[in-house]
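Structure record follows, encoded as structure tokens.
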Amino acid sequence: MQFWKPGTAAPGSSLDRATETEQNVLSSAPLSAAISVQSARERLPIYKHRDKLLYCIEKHGVTIVVGQTGCGKTTQLPQYLYEAGWAVDGNVIACTQPRRVAATSVAQRVATEAGSLLGDEVGYTIRFEDVSDKERTRILYLTDGMLFRETLIDPLLSRYSVIMIDEAHERSVYTDLILGLLKKIRRKRPSLRIIVSSATLDATSFLDYFNAGNSPDEATIISLEGRMYPVEVGYLQESTPDYVKKAAETVWNIHMQQTPGDILVFLTGRDEIERCLEDLSEYIPTLPRTAPRLKILALHAGLSTDEQLAVFEPAERGTRKVIVSTNIAEASVTIDGIKFVVDSGFVKIRIYNPTSALSSLATVPVSIASATQRAGRAGRTSSGICYRLYPQSALNTLPRTTPPELTRTDLTTPILQLKSLGIDDLMKFEWVTSPPAESVLRALENLFAAGMVGEDGRLTVIGEKVSECPVEVNIARMLFQSKEYQCGEEMLTIAAMTTIQDVFIIPDGATGALAELERRKFTAEEGDHLTLLNAYNAFTRYGRSSSWCKSHALSFRAMSRAVSIRAQLKKYMQRFGLPVESCQGDARRLRQCLVSGYWRNGARWVADGTYRSIRGNVTLHVHPNSVLFTRKPRSGWVVFHEMEETKKTQIRILTEIEPDWLLEYGHSFKDKRTGASASSTHMQDIQA
DNA sequence: GAGCACTGC
């Protein structure tokens, strides 16, 4: 067998060793979350660095801290700063997180450690939830999205003395935007202290970013060393044509040959996970009667809360737990007790093509940083082994890091928000990493077409308002237009329902066909938007219950989220003086209102069952989830919520419209890039 | 007649 056999090969021979840099990263890490402050300070090197850390923060404007997730920086550092007096005179110490759960759980832990009530001296702020006190809170954990939003109200973030941007290596859209703003804010507020915290050594790029044009000691970098359990890394001797099959095989080999300990497998998506589970279940009957048993679990975001929680349950004595997961287990979900990691070496990421305005999911090789993070998952509670399903030689071909999200996403909303902050010249904004110029141009064009930006590139009155509103511009446009069509009530619901994903699910134990039947109960002739509206209304009519959702093949989690989003958007409507009135079942008005936002997303049905886009005459396929998947729209025309590249170009969430409705909006718009009027070619089809 | 990695306001 070409694969390194666990436990049989002599270390250093057929087991290829981890590279030196990886070992550096792997050996600088964590402190168990359960340790109290006192013992942590006694036992951990972070304590030794405390004074040096505080000195660095005192002396330099920007301090970059490197230490792996869980090393204590997130919980301890803000407390040190508090003790050192950074929160006197009403000042607040902020610490941002990319994810909501992290912000809440860390705040809870720190509140307990500090002997304070959560929401009092220590608090958190996430969307829909503000557990903090304007006067009393001194240490505030918040999502970086919330901090970015705060700059729209207080551009200098004046209530904070220190801002710590945690998990900066993840390079989420809001992390990058907030870093860009902080660089700008610091020029006007030199007293503001910034801490950028990262789990990877790549953090030196943040140092360069903040030091550019300044004296070299403007920023400093400090590494939090720690004790971590060693993780050995093994590689395949030759690359495999089928890493899913190989993953199952590797799990089996570990189970047969290795000491007890749970296994975590990284694959790219639901499909692969299910295939791997099938492969593994074929091995099970060959398990010797005396051998330990295997408990195999899937983990991905599409699962219900209960199914996700199952991965945390310890396996029974004498049973080994195997979790086959997507990238969700790389950073978002931490499972203790993992001793073996099997890494396919691949990940699915979203990429965006600004020229075609299409986004797609691509399966790509992981970055070195990701591979290191995945391996680290084996060494959280004891020493472990990571099996990489590719040859060591392939390491040289892997990128160091995953490209920042800002470089592979639609920038329409971020740029609207930057403009609202007075950053009109986007080429001068100091991006941590510049997005492609094409993406910036495409975003500006979208904003212009949606009436958010005028010919001069400045925000319009409506653009100013929409920038505050947490929805994409097309949807915002419809909310504003709903006043004219007297359908604010319904548009609010549609806005909320189109933002959430995976509304219709296949419940446990039900067949796909059965779920399909349930879904048909909500079906509106006019299309998906009204179908979503029906589902929402039924959900509220039947008491917003989880069992009702289950029996109607709806996701309770998604529906509840829609309720929150709708309530939040309603507040914005009221603030903008927009009426929230019902169209009383007049679907025609509703559909006309949809066109006010979606007029650039028009498509025409053709005889083979596909559609042609009005912009570009691209062949479009209807997503199988659509109620128009099998049916020709009576008028032959639709608008759609979004298009995406899979194997084909697909459109999701369609509604049938009358073609002349498109003209009302299309006539006034000239395509800036091509100079052609939107109504030049295909719009003529409509008129004909 | 076929399918969405993961976040966030």
Side-chain angles (χ1 to χ4, degrees), chain A residues 96-103 125-130 142-153 167 170-178 266-274 299-303 308 325-333 344 346-351 359-364 366 370 402 404-406 408-409 413-414 416-417 420 466-472 475-476 495-496 499-506 512-513 515-516 555 558 561 564-565 568-569 571-572 608-610 621-626 628-631 642 644-648 650 652-653:
Chain A
T96 70
Q97 295 294 317
R99 279 171 296 279
R100 294 160 53 91
V101 271
T125 304
I126 59 177
R127 188 182 185 182
F128 310 130
E129 259 181 90
D130 183 7
L142 71 176
T143 46
D144 40 25
M146 281 308 283
L147 187 64
F148 182 76
R149 193 149 281 276
E150 197 167 334
T151 61
L152 294 171
I153 300 154
E167 313 287 359
E170 290 190 24
R171 304 295 303 273
S172 77
V173 166
Y174 285 116
T175 305
D176 270 25
L177 289 176
I178 204 79
F266 284 101
L267 295 175
T268 72
R270 188 189 314 199
D271 243 31
E272 287 178 6
I273 289 170
E274 279 164 13
L299 177 62
H300 55 81
L303 297 175
Q308 285 193 5
S325 172
T326 60
N327 220 26
I328 193 170
E330 192 183 298
S332 310
V333 174
S344 66
F346 284 90
V347 65
K348 230 179 248 188
I349 60 167
R350 184 168 288 281
I351 49 180
S359 70
S360 55
L361 283 171
T363 302
V364 298
V366 288
S370 270
T402 311
E405 200 185 347
L406 262 175
R408 43 187 182 83
T409 196
T413 304
L416 175 68
Q417 289 169 331
S420 168
V466 168
S467 70
E468 293 174 41
C469 210
V471 282
E472 52 181 285
I475 305 287
T499 344
I500 56 172
Q501 286 132 31
D502 305 316
V503 188
F504 300 105
I505 53 161
I506 302 168
E516 175 74 26
S555 158
R561 212 177 122 73
S564 305
I565 294 173
Q568 191 187 37
L569 292 179
K571 285 185 195 156
Y572 282 94
D608 63 359
T610 64
H621 297 260
V622 179
H623 192 280
N625 266 353
S626 171
L628 288 175
F629 183 56
T630 49
R631 214 159 43 77
E642 60 185 1
E644 197 169 63
E645 186 113 69
T646 54
K647 281 171 199 152
K648 300 177 284 196
Q650 282 193 334
R652 282 182 66 245
I653 315 184

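All of these numbers come straight from a predicted model, not from anything done at the bench. Below, read A as the first sequence line, B as the second, and so on, with proteins coming before strands; counting in each chain starts at 1.
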Using a heavy-atom cut-off of 4.0 Å across all strands, would you classify [X] as base, sugar-phosphate, or nothing?
X: A:Thr413; answer: nothing
X: A:Gln97; answer: nothing
X: A:Asn625; answer: base
X: A:Ile565; answer: nothing
X: A:Arg99; answer: sugar-phosphate
X: A:Gln650; answer: sugar-phosphate

Q. Taking the side chain from A:Ser626 and the backbone from A:His623, do they hold a donor-acceptor pair closer than 3.5 Å?
A. no

Within the pair [X] and [N], is there a side-chain N or O less than 4.0 Å away from OP1 or OP2?
X: A:Thr143; N: B:dC9; value: yes
X: A:Arg652; N: B:dC4; value: no
X: A:Thr326; N: B:dC6; value: yes

Q | A:Glu405 CD to B:dC9 P, straight-line distance once rounded to whole Å | A | 13 Å

Q: Walk me through it: do A:Thr125 and A:Leu147 pass the test side chain to side chain contact (heavy atoms under 4.5 Å, CB included)?
A: CA-CA 9 Å; A:Thr125 304; A:Leu147 187 64; over 6 Å; no

